[in-house]
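Naming convention: chains lettered A, B, ... in sequence-line order (proteins, then strands); numbering from 1 in each chain. None of these values were measured; they are calculated from a predicted model.
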Amino acid sequence: MASRTVSWLLARSISSSGPRSALLSRGKKLGLVSRGGIHRYNSTAAAAEEPITPPVTVPHTQLLINGKFVDAASGRTFQTLDPRTGELIANVAEGDAEDVNRAVAAARKAFDEGPWPRLPAFERQKILLKCADLVDKHNDEIAALETWDNGKPYEQAAKVEVPMFARLFRYYAGWADKIHGLTVPADGPYHVQTLHEPIGVAGQIIPWNFPLLMFAWKVGPALATGNTIVLKTAEQTPLSALYVARLFHEAGLPEGVLNIISGFGPTAGAALASHMDVDKLAFTGSTETGKIVLELGAKSNLKPVTLELGGKSPFIVCEDADVDQAVELAHFALFFNQGQCCCAGSRTFVHEKVYDEFVEKAKVRASRRSVGDPFKAGIEQGPQVDSEQFEKILKYIRSGVECGATLETGGERFGSKGYYVQPTVFSNVKDDMLIAKDEIFGPVQSILKFKDLNEVIKRSNATRYGLAAGVFTQNIDTANTLIRALRVGTVWVNTFDIFDAAIPFGGYKMSGHGREKGIYSLSNYLQVKAVVTPLKNPAWL
Amino acid sequence: MAKHSSNGSSDDLTFPLEIPPAKIRFTKLFIGGEFVDSVSGKTFETIDPRTGEAIASVSEGDKEDIDLAVGAARRAFDHGPWPRLPGAARAKIMHKFADLIDQHIEELATLDTLNAGKLFSWGKAVDIPSVANTLRYFAGAADKIHGQVLKMSRELHAYTLLEPIGVVGLIIPWNFPSTMFFVKVSPALAAGCTMVVKPAEQTPLSALFYAHLAKEAGIPDGVINVVNGFGPTAGAALTSHMNVDKVSFTGSTEVGRKVMQAAAASNLKTVSLELGGKSPLLIFDDADIDQAADLALLGVMHNKGEVCVAGSRVLVQEAIYDEFVKTLVEKAKEWVVGDPFHPNSRVGPQVDKKQYEKVMSYIEHGKREGATLLTGGKPAAKKGYYIEPTVFTDVTDDMMIVKDEIFGPVMVLMKFKTMEDGIRAANNTRYGLAAGIVTKSLDTANTVSRSIRAGVIWINCYFAFDNDCPFGGYKSSGFGRDEGMVGLQKYLQVKSVVTPLYNSPWQ
């Protein structure tokens, strides 16, 4: 039952990207068969094994500026590490202010003088479709790079995320020639219309938890609407973006339209956010950094900023819930991607009638979660992305224990090497505990008990965040009440983590500004120009 | 009148016959994913308008065949995967379909030239690549069909679902067999409908080829069915079928009336009609005369005048009228009549004998009614259905050549004084499909654009069709719009879903 639900969820995410059987066969091409059985977290055998050699070599480590791979102006590099071992994958060119300047200049020139914004939208569409086709063609290498750099299960990258990446670009390709201004009614004899124009040079800063999907969420709408881009990747995960950006150039993207800067937030990121020649900034990351980005936008040229930040999303299991299904879904909502999801269902509210049964089953489910080398088939959970995250999570776990929450399972590192953390479940969590308030961003489930609907609404909303929520009930009135009462940007009812290209995503409150994906995302990258001219003797108004 | 052999008079001229670069592969009906004979076993001959001779025998569909095709479409809609696929999955198959068309451009262009006398060079460069792009446009729309969540006046939650309307009947004209096929089929596919297509009896060949490619692309059986045949038999059966949910028709105003009557008399299926026109092109005093003359000739001579939006009434402001006429007559010579497979030809034969005779009879009418024949007016060859590009002037509002849609390379040229006169003359028609304006004045352009009762206005251009640009008629030119996101609407039903809401924190 349990595994069926998860595979259904995965299938749901990939269903639009092609026949499932084709996707499922992809792993085999690379010879990724499981070496021995799948290890549960409480087995120590997994960590003792040698890590599987990733079936890919690192193709690009330089910055991508004006269509060319170049070293950083300073000549400096930084290390990107394998989270399975903490060992070096590659030395990557480290971009700083000067590199951002060069990239912005290239993007500026490509916007002001280059073909991209001047192409008929239909031609932009064709190039974006070609980009998607090339990504499909290199699905497995891209997925392998993503897993190597990030630690996420290879099967998740290869069967869900890379196909979803291609799907997102096909979606945005379809928008390119359907971006409509309006003709507008006037109070007098005037002809009025709005032109939806590209905003210009977009600065985009993406996180490390879904390096490719965050690339697609940002680059897709910006390109469809005719903008040029400087994208800063997360320093933990620079590799996959460089690979796909090269493919985009092969697909016909003109030089200077998409520039990629690897580097750190305080240097490259800050230079981009405060650049006077960047017309718009989009950031996904922590709430703390989001505040800095917004300040830099305000201090420099008042560039509009969209932010997709942290969350502490409630997952509400109502009294009528089928407990087995609820446990599986709540487990998926929290543990997916090693718990490194901004919208993770990290506060599991369970109605008191089903609470005890739920806790017991959640514990069993978490202890059965397969943790190990993400390149191994059947693995559900790989390592956390880096030592900083790893240490932070362990610190929160200790805090949970110290505050008196009941540690049902997990609570330690997994193995002795790399950044693996045991799937961890706390019960008897109280609203004022740190583990109930802060975004942990790891495989730590906090289960809280509630009595009635009004109470759970109040407690769910008692957070500075407002990114997402899960609601588990078959009662239509309960569902409708919760849907409207929760102050969050996405409510998943009897499902979780559905990220179709057309579904907008974004936060209330300190989870951010603006929406990504869907038709809503286009407006982030468009200026609206009203055009007014008098009408002489019009036949009608 | 210029021809390939410029010194020959039209009376003794026969164009040397070019060899078509491809052969005919499909001549049966396409029902439920298979090419089948008609139930009656009957066939009809399809004619090469260059010679008037038969090029193939094509299965002739009638009521029984329509029943089978509608049955297949019904099953594909009620039980098949097509409407149940995510829009993105439909889009993927449609993109594949478009790619397959790109791989067969020459063969498809050949079929339309052979069947309709259309210019092969134009088909290869414009018409066929464009239909692939129409498919791509609507593929991109398939995952962007949004309903709305509604603002109710009480504690109710409500939203609209845009559902595929069901089985649609698509009746395609012969003047743009490929373009019109995809103007209708693409949005219907995107919406998730299944369909029965009846191509015109003059031009069944490319439609059958498209059916073959659709299957190859992975469009499930029964989603697209093609039944060749005639209007009074197959067409009537389709429009009056009780199991067809919607009919989209492009053709003459007279037949459009019958389609609507049949729908009313049967199951009240919704109908959209794209019918005839007598579209005006207004040329103002400030126009660039060269550009205006080029547009005027393009507007009515393109596709030998067999265009519903043809700018068949050219209205010229008096100050430039004389100079315009001189330029026009000179430029008319550039519209070379000849074998449509020949790269130098700009005007091919009319589609069939009936059209040829109809156009010739209008020309005779014009002469009898006292209009002045400025150029043309005669058959352009001894064999086949070629007619010289023809321009009449000194016409009056009550002449048949001013009032009726001729659907041939025949322009009527008129003079007007003020903008108001021009607008009045332009609107003095039962039609309202398109209009052109040639002016440098922003105010003139804006005023005239709003004043003309027509579905599309082209300012300093003509035939500026685009996949994102809705197209359709006012008045007796029909109703409903093809193309653009608006073009999707007619293949969708709107369902409102309402449920009570308790304790909502906002309304």
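Counted within 6.0 Å of CD on B/Gln148, heavy atoms from surrounding residues, nucleotides or ligands total 12 or fewer; the atom is thus considered open. Counted within 6.0 Å of CD1 on A/Ile476, heavy atoms from surrounding residues, nucleotides or ligands total 12 or fewer; the atom is thus considered open. Counting non-hydrogen atoms of neighbouring residues, nucleotides and ligands closer than 6.0 angstrom, the CZ atom of B/Arg154 reaches no more than 12 such neighbours. Counting heavy atoms of neighbouring residues, nucleotides and ligands inside a 6.0 Å radius, atom CD of A/Gln474 does not exceed 12 of them. Within a 6.0 Å radius of OH in A/Tyr520, no more than 12 heavy atoms belonging to other residues, nucleotides or ligands are found.
Among the residues in residues 456-468 of chain A, none has a non-hydrogen atom closer than 4.5 angstrom to a non-hydrogen atom of chain B. By a heavy-atom distance cut of under 4.5 Å, A/Trp175, A/Asp177, A/Lys178, A/His180 are the residues of residues 175-189 of chain A near chain B, going up by number. Within residues 436-452 of chain B, the residues having any heavy atom closer than 4.5 Å to a heavy atom of chain A are B/Leu442, B/Asp443, B/Asn446, B/Thr447, B/Arg450, B/Ser451, listed by residue number.
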- Step by step, work out the side chain to side chain contact (heavy atoms under 4.5 Å, CB included) result for A/Thr478 and B/Tyr502. CA-CA 8 Å; A/Thr478 304; B/Tyr502 300 100; over 6 Å; no
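Under 4.0 Å is where a charged nitrogen must lie from a carboxylate oxygen, and between B/Asp143 and B/Arg90 no such pair does.
Taking the ring centroids of A/Phe499 and A/Trp492, they lie under the 6.0 Å cut-off. Less than 6.0 angstrom separates the ring centroid of B/His157 from the ring centroid of B/Tyr159. In this structure, B/Phe97 has its ring center under 6.0 Å from that of B/Phe182. A ring-centre distance under 6.0 Å is not found for B/Tyr137 and A/Phe122. Two rings, from B/Trp458 and B/Phe465, have their centers less than 6.0 Å apart.
Contact tally against chain B (heavy-atom pairs below 4.5 Å) for A/Leu453, A/Ile483, A/Asn480: the top residue is A/Asn480. The greatest number of non-hydrogen atom pairs below 4.5 Å with chain B, out of A/Ile519, A/Thr481, A/Thr533, is found for A/Thr481. The greatest number of non-hydrogen atom pairs below 4.5 Å with chain B, out of A/Ala501, A/Ala485, A/Pro534, A/Pro538, is found for A/Ala485.
With a threshold of 4.5 angstrom between heavy atoms, A/Leu486 does not approach chain B through any atom at all. Interface remark: B/Asp466 contributes no atoms to any contact with chain A (heavy atom separation under 4.5 Å).
B/Glu163 meets the side-chain hydrogen bond (donor to acceptor under 3.5 Å, both in side chains) test with B/Lys495; sequence neighbours excluded.
Looking at heavy atoms from C-beta onward, B/Ile101 lies in side-chain contact with B/Leu135 at the 4.5 angstrom threshold.
Scanning all heavy atoms of the two residues, the minimum distance from B/Ala132 to B/Ala98 falls at O-CB, 3.5 Å.
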